[in-house]
2 protein chains.
Amino acid sequence: GIGADNDLYINQAIVFIEDAIQYRSINHRVDSRSLWLYRWYYSRTCQWILSLTITVILALAFIEKPSSLTITSDVRYRVPAWNPPCGLTESIELLCFLVFVVDVSVKSYLIGWEEFWKNKWLMAYILTLIVSLTDWIVSLSFFCTEHVRIRRILRPFFLLQNSSMMKKTLKSINSTLPEMASVVLLLAVHLSLFTMFAMLLFARTKDGQQDKEWVRYFRNLPDSLTSLLVLLTTANNPDVMIPAYSKNRAYSIFFILFTVLGNLFLMNLLTAIIYNQFRGYLLKSVQSSLFRRRLGIRAAFEVLSSLKETHANAQESHVSTGALLRVLHKVEMDSRCKQAIMRSLKMCSCDKLSAAQFQKLFEEVDKDAIKQHPPSPEYQSHFMQKMQFAFGHPYFGYLGNVVALANIVSICVVLVLDADKQPSERDDFFLGAINCFFIPYYLLEMLLKILAMGLKRYWSYPSNRFDGLLTVILLVLEIATFAVYGFPHPGWRPEFMGLLSLWDMVRLVNMLIVFRFLRIIPNMKFMALVVTTLLDLVKNLRAFAGILVVVFYAFALTGIMLFKGAVTSFYIKKVVVLSSKEKYDFMALFGDFQAEIFYCLLYLLCVNLICRWAKVYFVAWWLISSVIWVNLFVALLLENFIHKWDRRCHRESLSDIEYQRTVELMFRDVLEEPTEEELMEKLHQHPHLQLCR
Amino acid sequence: GIGADNDLYINQAIVFIEDAIQYRSINHRVDSRSLWLYRWYYSRTCQWILSLTITVILALAFIEKPSSLTITSDVRYRVPAWNPPCGLTESIELLCFLVFVVDVSVKSYLIGWEEFWKNKWLMAYILTLIVSLTDWIVSLSFFCTEHVRIRRILRPFFLLQNSSMMKKTLKSINSTLPEMASVVLLLAVHLSLFTMFAMLLFARTKDGQQDKEWVRYFRNLPDSLTSLLVLLTTANNPDVMIPAYSKNRAYSIFFILFTVLGNLFLMNLLTAIIYNQFRGYLLKSVQSSLFRRRLGIRAAFEVLSSLKETHANAQESHVSTGALLRVLHKVEMDSRCKQAIMRSLKMCSCDKLSAAQFQKLFEEVDKDAIKQHPPSPEYQSHFMQKMQFAFGHPYFGYLGNVVALANIVSICVVLVLDADKQPSERDDFFLGAINCFFIPYYLLEMLLKILAMGLKRYWSYPSNRFDGLLTVILLVLEIATFAVYGFPHPGWRPEFMGLLSLWDMVRLVNMLIVFRFLRIIPNMKFMALVVTTLLDLVKNLRAFAGILVVVFYAFALTGIMLFKGAVTSFYIKKVVVLSSKEKYDFMALFGDFQAEIFYCLLYLLCVNLICRWAKVYFVAWWLISSVIWVNLFVALLLENFIHKWDRRCHRESLSDIEYQRTVELMFRDVLEEPTEEELMEKLHQHPHLQLCR
């Protein structure tokens, strides 16, 4: 009937508007039941359960068998890690897999059969699930004694497929690969030619004294290749050429040429290429988000205009205000935006809306909240007004900064004086006495500021929140110290009591004071610019960081699987041979997952130490993490910073209004609005929606 | 009289046109005698003498007292260096100073008294000369026994002031300094806050076993600061945190935070800032060069138009063709350009030239020579034509590449097989036999190509020149080998004869073969692009490299002066204590100038090893060479590469015509022509030229 049809149209409009707000694609089924399923699937609860499942399955690695969560990383000292019984982690895994099966079925159903075959991500999702479940069955049938567990390496895929940003980023990285591959090929040619040169140059001589270089670094082809590859990372920079250089200065020309060509030219060329490819990346991604939003709104307009209650007499299609109001009541969106739209709908006072008017109404969604700080309280008393003026003045804030600096300097002086004292000689009186002065000052400053600005206004500034919270924590710690250890006096060296020793307490307080010093950042213009750039960057980098996590997770688990035994036996040999040389302690870290995270994060390359396969593994990791990812990071930083810098002049006029910065806002003035034709063409290509006209 | 006036005008026009061609400023005296002096000063001989003098005075450091030019760098083995007698280097120095005195007097005279006072470079030049001469007198009066020689540190100034490019670059760097200083300040704040954190975190504990971290890296304030600064350079990357990490994994958070903030964010921010500042640098510098050229031409036009032979009846000023021809005959310029201008002057067939026509004539100077390869010889015989087709075909070149690759691979195989053999077991037959096949093939290839293309056409390609030269050298070496050691046969192990042993000969030949393999570069598109980018970069980097040399020279000589004694005594102590630990050999390198060049070029940081002042010295050097210079380099590379990449499509259509690439050409389509008003305004500001109108 017409009523049912109308209800369907209303529901469609609701979902399309929600899609627009969330920047989702509108290419899904649009019949009543599918719409209900769609809204259920994208409801907060469902998405939260999905995210939780992904987190749980990824976190399993920390408690599964070859891993450990001990405090020390040294295999010589640490206690054996807790080993979960067979079946515990496996049943958690099964639960997660079931959630994923539901997820993939709902997703596939919603986009429809035809679209499903075109969607490679969904196919890969199903394949991954099948492989994982098979592996799980194999694992259980061996009672968890098998060593190769493919499903672990596949786990990060679940994270990847759930984020559209990450998929988009991966696509961009993929399109940069050919050029990156060319440079990597160039690097390989560079490396192999220089390796041959080196082998001919530093050949074995008849005089055993003369060929130190050959013995240590260029004994055979793999050794030479490794030496030069490590030189490319600058890890063995001077050492590798010292024997040759001692023999004849001219040998240094070889190494200088290699370093300049490889490190300075080719490596930076990679930066240039990646930057060149990613220059338009942010803009393009924001532009396509904008298109999705406009398309959703337009689709909502089209379905609403075909509501039977409007008589199709006019040439142009229209939407009645009443229908829009009904839709708006049911749409889930930010309440501020919803109210703003309703308000402008009432102010418009027209009965029907054209497509342009409809689109314009929803531009409110693009706008960001302008944050107004609450007003200061108005005091009647003349004295209070003077107080308010004095303590609300920026100079009072500067005074606070100067005091904080004085505190830092005094801590520094105490640290320098105490540096060489034995712990038994150490006197905590001085630091205690200093804190007795500074912490009350911080408290007083906070209270006076609250008095001048009012609690609400005080709290609305992030710098004040930071400051206030730290002051309160400092106060609590100080009171706790005095309660346990009494007031400071010369020769204040009490015994250990309670949770922390006095020395630990004092250290903690001082660390917090050093941390509190960061409040000066907003007062320094350049620092503030840098910090906001960095914060923006962190927002834009989430997708990249996600991909890094995915790659890293797969690498770490592959590493554990491949080298677990090798590293342990290697380590034992090492301890026997080199027990005195503590420099090789860090090999001890290698046995477990967290150590590997740590190990890799800091670009360690110990390629010389383990077997050949480990070399391949580490070179791949170095290429991905250190070379490609760092360059991507630099490219994004350049992009962000240059945009920011160019707009700095504009900002200064707006400095008293704090915008909530988003990427969309940053590019607002360069974005292109999609044209009517583009939108309608896209709408007519919709696989499920049949527009009347 | 009028004749003398006319001669003056002609001479002025000649000098202005020469200024325009050389991109020189036209703000110099323009009377007859000054013009003669000016042309003499900028004549090739004079400029060559000046460059030679600068080279000589800079090269003096290599033979002066504290330096050495021995083959080995190890102070334990090397023979004492030659010590020039007192007065030898000093008299060479005096000669150089006299040349500089003449140089500065001529320059000051030519720009005139008023301009002289505005020119800070000239003032600094005079000051440097006075200080140097005073220091020289002091040195001689002490009979060369004094240790502090300020004049040595000042020497690179002479290089700096002689290059206008370097002065311009220095100005740009100077304008970037405030922003760089902000980031460096930020780095300093980052470093000091983290140092305080570290000192509080890794404090001395009562249990001596637990505070390894404190003992090794955070004993006191300077130690902590150094540890973290070195961590910023990633030189001590894993080592510094191993003791703490062994104790508790959570300590790694501190180091990861420090590295991510410092290395990943702040260091790359510096890159972004420098890139942002230098984005327009190349364009601006090319633009100002263009302005100088147009101004010189316009000035020539103006003086020629005021020649008395043209009757000032017309409203617009004109130049007679005859006068221009007289000027052109005397101007020193590229003969190709001169002929082209004369040709178009004849084709024009007009008697008088307007300013626009005059300017247009000289546009020939902007154009680059289009290099046409000479034609192939035309053979009559049908057989020869077929031969020509076969061996002139690109596929023949590809075959040559494949053969070269096969040669490389076979050398590689021999090297791998021979890697572990004793020198006495080694059999040179195999490598000798291989060369007996390949080198004749290379010769044949060269001859056939010459046959197909003709000698002239063959020689006109740079890749053929490279190829042919190497082939000839290889042939000569091979013939010499056979002449001395006979033909290769199994068990070919002759005794040492002549200059080089057979083994050295074979190695040299193989190195040349590896080097010859680079001929594949022009065949691979991406490689060719990269190589041309790098070559362009080298051209554009000359000014930067010059500044690096200046800074480096000053640093190296300061270092020698400051640490000469310290390092030697330190080294002796080191040898006694650690004679077994050859890792510290490289300290031995430190005693001399070349070692220091080498040491610094590769960003070595051994801040832990010498005294405090050395730390300051090395940190300054690290900041300048590694941080600032490398970032400048990256910025220029990005700039160059992105321009190149954008224009790649345009290039492909022109690929058969090889342009001699210059920076001007790269920017041709974005350069703005200066307007008539700008030129005339600048001309009227000329301090010495009084225009009639």
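Values below: every heavy atom of this structure, side chains too, minus hydrogens, waters and symmetry copies. Numbered from 1 within each chain, the chains take letters A, B, ... in sequence-line order. Everything numeric here is computed off the predicted structure, so don't read it as measured data.
- Distance check, rounded to the nearest 0.5 Å: CG of B/Asn268 to CZ of A/Phe633 gives 6.0 Å.
- Residue A/Phe265 touches chain B through both its backbone and its side chain, counting heavy-atom pairs closer than 4.5 Å.
- The part of A/Val189 that comes within reach of chain B is its side chain, from C-beta onward, which places non-hydrogen atoms under 4.5 angstrom from that chain.
- Of the inter-residue distances, the one linking B/Leu638 atom CG with A/Ile274 atom CD1 reads 11.0 Å to the nearest 0.5 angstrom.
- Rounding to the nearest 0.5 Å gives a distance of 11.0 Å between CG of B/Leu415 and OG1 of A/Thr195.
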| query | Does the pair B/Thr271 and A/Thr271 meet the rule for a side chain to side chain contact (heavy atoms under 4.5 Å, CB included), with working shown? | reply | CA-CA 11 Å; B/Thr271 313; A/Thr271 312; over 6 Å; no
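- The ring-ring contact (aromatic ring centres under 6.0 Å, His included) search around B/Phe517 returns none, not counting sequence neighbours.
- Residue contact with chain B, scored on non-hydrogen atoms closer than 4.5 Å, involves the side chain of A/Leu185 exclusively.
- Summarising the geometry, atom CE belonging to B/Met196 is positioned 9.0 Å from atom CD1 belonging to A/Ile513; distances are rounded to the nearest 0.5 Å.
- Looking only at heavy-atom pairs under 4.5 Å with chain B, the residue among A/Val260, A/Val514, A/Leu221 that has the most is A/Val514.
- Judged as a side-chain contact (heavy atoms from CB on, under 4.5 Å), and not counting sequence neighbours, the contacts of A/Leu518 are A/Phe466, A/Phe515, A/Ile521, B/Leu193.
- Taken from CG in A/Asn510 to CG in B/Leu201, the straight-line distance is 12.5 Å, to the nearest 0.5 Å.
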